[in-house]
Structure formats: C-alpha cells, structure tokens
Amino acid sequence: MSNVAGGGPRILLRRLREIMAEPSSAQVRLDKLVRIIAANMVAEVCSIYLRRAGNVYELFATEGLNRDAVHRTRLKRGEGLIGLVGETGEPVNLSDASAHPRFSYRPETGEDPYRSFLGVPVVRGGQVYGVLTVQNRTARLYDEEEVEALQTVSMVLAEIVAHGGLFDTAELDEPELRADRPRAFKGEPLSDGIAIGIVVLHEPRVKVERLIADDPQAELARLDQALDQLRASVDQMLSSTELDLTGESREVIEAYRLFAQDQGWRQKLRDAVRTGLTAEAAVERVQDELRIRIARTGDTVLRERLHDFEDLARRLQRHLDPHAESHSELPDSAIIVGRAMGPAELLDYPRERLLGLVLEEVAPTSHVAIVARAMGIPLVGNVEGISDSARAGDTIVVDGETGEAQLRAAPEIVRAFRTRRALRDQRAAQMAQVRDLPPVTKDGVRIKLMMNAGLLIDMPHLQESGGDGIGLFRTELQFMVGETMPRLADQIGLYRQVIDAAGDKPVVFRTLDLGGDKILPYGRWEREENPALGWRALRIALDRPALLRYQVRALIVASASKVLRILLPMVSDVAEFNAARALIDRELERARLLSQPQPRQTLVGAMLEVPALMFMLPQLLRCADFVSIGSNDLMQFVFAVDRTNPRVSRRYDVLNPAALTLIRQIVRSAAEAGGDVTLCGEIAGRPLEAMALVGLGLRALSMQPANIGRIKMMIRSINAREVSEFVDRLCARTDHTLRTRLTAFAAERGVVLK
Ligand code: PEP
Ligand code: MG
C-alpha cells in the first residue's frame, strides 16, 4: 500500500468511528476527520462535500484548502469535478485536475497548487450523500489501493451521514431515505422513571493499534501499572461519597472490585504479554478467550457477569491509553444509548448530568440494572436496534415504567410524556405524605411493612420509608464485600450499629446464606453442577459449625439486653432447624457462664424456602418462634424453574392458583400452630402480588425500602375481607395466571396499584 501511511485503512476506519462517537459538535468531528484522512493517505488536501437540499454540494470540512471556504463553496449537481462525482456516483482520479473539461475554478478555496485529484462518492443505498476528495501537489494518478481505501472510508462516512450524525438529512430530497424520522422502540422496563433528554452514544473505545511489543519487559511494567491504576480507580469509585451506593448496588460494585483484583485474570494478561503481545492486545486476547469460554458454558449467570468483565477490560484499555476519553463533555441532560454496559461504566458517567439509560442487551438481574435502580436512573433494556438508529444529540424520551424509548420524538409526544411525568411526581409527593400514616386496610387490618437490608449503609432508609423494622437483614453481604473473613469484633461492631440505627424497631438477622452464586472471595469453593440445590446456607453452617457459632456469638454480644431475632436460611427439615437452634442455645449458655451481657430474649425463626418443610410446619412451629417465606427461592423450587435462567424464569407466574394455594396453606398452618409468619421475597414489594398476599392472610411483609410507600397506598385502599374472599375463590381456578382477574378486581374496587 504505497501511499497509504499510518497503518492502513483498518486503523483509519477505527479512528473514524472513534471520532464520530465523540460527543463534540459535528463540525469539530468533521474537521478532525479530514485531518486524519489526509494524514493517513499522505494527501495535502482532504475535503468533504455534503449534499444539501436542491442538489447542492457544500464544502463541509477541509484539510489543506482555505478554511474560509467551508460552508461557502457550493457546487450544483453536475457542476465541477465534485458535481461530476455526485452525478455519476463513480470515483474520479486525475493527475491534473485543472486540465479536465469539467474543472470549475473556485478562487476562495485556494486549490491552485494542487494538481492530482481523487474524488469518491459518499453513497448509501444508491443515494449520493456527498463527495470525499484528496488532492496533492505532484501530478500523479492515485493507485488502485488508494482509491479503494478512500472508497472504504467514504462508505463509513455515508453510514454516519445517513444516520444524521453530521447534518440534518431532512434537507435531502428523498424523505424515505431519511434516517432522522421519529422512531418508537419497545423494550423491557428495568428501572422506573421517565426521562427526556439528549442521546449520548455509549461506544466504549477499544483500540488496539499495536499488536506486537517492542520490549516485552517494558510492556509488562505498563500492564502492571495500568492494573494498579485500575484497582485504584475502582477503589476510589467505591469510596466516593458522591455516589452514595447502598445495599445491592454497593454489593455489585464490591463484587466488581473483586474481579478487578482477580489474580487469575492478572496472570493470564501477564502471560499473554510474555508471548510478545502489547498490553492492549493482551487484554483483547484474554477477553476474547473469556467470551468464547463463557459462550460455550451456556451459563446465564456467567453470561451476565461477562458484561462486568467487558467493562473492566475496556477500563483497563483506557488506563493503558494516556489519551483516554472522559465524559467531561457530556450534555446536561444526557441519556446514554448503547449495546451493553457494565456497572462501573455506568458509575463513570457524572450522575448529575445523567438522566436515563437505554441498552440493547441487559438482563433484569444484571449488575448494571441493579445499579441503575439504586441510582434512580430510568432504564429500558433489550431495545433491539436502537444503537444503530440513534444519533448523538437526538432528543429521546425514556419511560422506565412501560419500557418505551421514543427517539426523535415529535413535540406532541414529548409534551405528553412531560404530563405523565408531572403526574408521577405528584404521586411521589403523595407517597411522602403517607410515610407517617399507618398501613391499615379500610376494614381496619394492620399490616406490618418491614424492610430488607444488608449493609449499614441501608439503615437510613428505615426512617425514610417509615418501615416497621428490618424484616430481613442479609448478613452474608458483609462477608462477601471484604477480602478476608470479618473478625468477631467486626461482626459485633456491625450488628451493634445496625441495632442502634433501628432504634426501637425490630431487626431480623438472617445467618449466613452463602453458597449457590454467593461465593466468598476467600476460601475454597468447589464448582457445583446445580448450585441452587447445592451446598449452601444452613447446610454449610451445620457442616462447618464454627462459622455459625462465631456469628451467633457476635449477635449475642451486639444484642445485649435487647430482643435478638435470628432467621435461619434454607432450612430443609425440622431436625436441621433443631441442630442449628441447639448450637445457638449453646452460645447463649456460654455467654451466661462467662457472665457476658445477653439478649433480653432470643427468637429463632426459619426461612420457608424448601418445599419439604411446608409439610412439617406444625412440628416446626413447635420449635421455631417464627417463619419467613423466602418466596424467591421457594417459587423456583416449587415450579422447578431456575430463577436466573431467562428462558424459563418468567414462564410461571407467582399469581398462579398453585402458588397462592401453597401460601394460603402456610398461613393457615401457622395460624393453627399460633406461629408468626412473614414473607420477605421480591413479590412483597409488588402492589398486585402484595394485595393477593394480604388476601391470603399474610399480615407482615418485608421488601425493598423503595416499595414501602406504594404498598402502603395499596393497603390503605383495600378491604382485606373482600380481597380475601375473592382470592380464596381464585385458588380454585385452573388459570395459568390470575393476574388479569386480580387486576380487574383492583380496578373495580379502586385499589391503588401504582
Ligand atoms: C428468598 O429466597 O426469597 C429470599 C428472601 O432470600 P434471597 O433472595 O436472599 O435468596
Ligand atoms: Mg433465598
């Protein structure tokens, strides 16, 4: 490729795409573009002419010609060499342009000294959008490779122009070719809220220009340095007070941090560099291998986690590249549109300017979705084709409630969404008003609304939400976020602070629910075929009693002179419960013997997650002080559906007669035995489901704090006896789902379900 310098067309293309992805103005990007094409083609001039209404070719950017001519020089179709290229749609390659009969001299351009001329059309779908040219002083014909290279570049340029990335294609004559028409997309609503803003394309840059390292030793040092920087930046992200990560989202980023510190990953990268690759190429290669490996396993959880690794890899690439992009140019009301994203990439965007998120590929339980929900950023996922259609700077409306994404929405549509948003805000204000009102049904039944938590940082939500207490404190989170096992003193410290933060309100501490996909970063874990049915939770605790004993010891110390509530996860039979309870009693006895402060009272409960336990409820309630239905796990076991497998996870509705009958049975058995029963799975926080649960006789629900307000509104709008009679009748039906019937019932009775 004699005259194509700087690494050839592939690299040129990549640069081109990068430039087009920049959030700068169209003109700035075009100016960069011509500069780079000129340099790459060793041309003294590179110009872009684009077609405007009336078939006029206007000089939009130039390197080498007079800048003043930009947007001034215009040639009609057929006029000059530019017009000729536009008219024929064919390249024009001349060693002496001025000698051509069609040459049209334009003094303002200052093109006199340039003799050789190569112009190629910018075509897409048979439509000429413009002309791209290069010129040189020396009289020569451009060789075949150069013509081809320029044509390839022009193809990419055509894509961008056709998508309106550069100028308003509304000015084109053929409206059907306009890629700027409004488009409505439908995806999956993954994080609530309505956002109206400006499209920013999330096109993470991964550029590997150099494959082979000159000095592998120096390359290794570069890699190590970048890895250290990566770690530091993730740590910083975690400690940033601005982000205010709580609960699940914090857990997600903590897990992400563990990936960043993964020694196996580091080792693989170093090995790849040792084979002679540059650090950038090594990252790509290791990432490629990972993609293939994960694709081969078919493991859906791993596939979701792949986005985290992709995010990390891109971040590492940016640490390797000192000219890394930043999001400092983000517009004020940015809505990010992209194919996929990892959780840390989302956190990289400045929160104050970020209004919404639209992604093509994202699962509801993926980390980026969890973080978006925690940050309160509306997210619509699985929106096919939007990143090809969206252009930076487009107006977009995102509705995280319905899953709509309205691209380039007409003003009336935008107005309608503004109205909808105003109504929602009104509703939010109403919720704040109900915070201090009791969750009592119209016929006077008081429902306990509790909150699920896992880290200290969640505790302020108890006050904000007006919850009755912590119905489920997932203690394993503290174990998962650290690099080492929390010491006894750490555990005591945490539990004490949680109890203090709850004040007079009760806290139910669930003992470690590890195993399955909750793997500790330290210690050895064997991979299991069916982790959900494997060595987890209480099973581990009974096989390795030291872990549970220490935890109970810490809980006893922390609950001095208060009521200690302990909940045991994944209990499969009464004997298991009794074994764990004996262990707790032994710890209480130990505290007594050592004359240590003790809880005023200790209540021990069991989670109902394993179906077998349902049949032993009367016996269980003779030894357990309370039970809590873990509907997330219970439903996956009852329907034999892996809750993390998207192919089946939505196949059965919990509002199915079998599921409702089962819950009714649990509530009745508990009532007969005089035991307390609550429910702490995700369904407790969904208004329609919660209405059915109250109908089934449940009087205590534990949920994410954000849902407490709306569940309270629902409760205050129902008549418990009426719902109960209706749900009772539904249990006898054979429908696949009772959702429609319950919705119709709610609508008729004016039940608040928002
Ligand atoms: C459940 O299974 O319903 C539950 C609350 O526990 P987790 O979601 O932590 O498994
Ligand atoms: Mg569970």
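Side chains are part of it too, since the values below use all heavy atoms of this structure and drop only hydrogens, waters and symmetry mates. Each residue takes its place number in the sequence, starting with 1. Atoms within each ligand, like the ligands themselves, are counted from 1 in listed order.
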Should the proximity of Glu682 to ligand 1, defined as any heavy atom under 4.0 Å, be assigned to the side chain, the backbone, both, or neither?
-> neither
With heavy atoms and a 4.0 Å threshold, my read on which part of Leu472 contacts ligand 1 is side chain
Taken to the nearest 0.5 Å, the spacing of Leu514 CG from Leu538 CG works out to 12.0 Å
Just give me the atom name: the N, O or S atom of Asp633 closest to the Mg ion (ligand 2).
-> OD2
In Glu609, what N, O or S atom is nearest to the Mg ion (ligand 2), if we give its atom name?
-> OE2
N/O/S atom of Asp513 under 2.8 Å from the Mg ion (ligand 2), yes or no?
-> no
Residues [X] and [Y] bridged, charged N to O under 4.0 Å:
{"X": "Asp436", "Y": "Lys712", "answer": "no"}
{"X": "Arg739", "Y": "Glu689", "answer": "yes"}
{"X": "Arg668", "Y": "Glu672", "answer": "no"}

Mark the output for Arg510 as yes if a heavy-atom distance to ligand 1 is under 4.0 Å, and as no if none is.
-> yes
Taking the six-membered ring of Phe726, is the NZ or CZ of Arg729 close enough (under 6.0 Å from the centre) and on axis enough (within 45°)?
-> no
Heavy-atom contacts with Gly681 under 4.0 Å: which atoms of ligand 1 show up? List them by number with element.
-> 3 (O)
Hey, which atoms in ligand 1 end up nearer than 4.0 Å to a heavy atom of Asp633?
-> 1 (C), 2 (O), 3 (O), 10 (O)
Without placing hydrogens or testing angles, list every side-chain donor-acceptor pair under 3.5 Å for residues 654-667, not counting sequence neighbours.
{"residue": "Asn656", "atom": "OD1", "partner": "Ala658", "partner atom": "N", "Å": "2.7"}
{"residue": "Asn656", "atom": "ND2", "partner": "His736", "partner atom": "O", "Å": "3.1"}
{"residue": "Thr661", "atom": "OG1", "partner": "Pro657", "partner atom": "O", "Å": "2.5"}
{"residue": "Arg664", "atom": "NH1", "partner": "Asp728", "partner atom": "OD1", "Å": "2.5"}

Pairs satisfying salt bridge (Lys or Arg N to Asp or Glu O under 4.0 Å), at least one member in residues 609-627, at least two apart = Arg581-Asp625
Look only at interatomic distance and state if Arg536 has a nitrogen or oxygen under 3.5 Å from any nitrogen or oxygen of ligand 1.
-> no
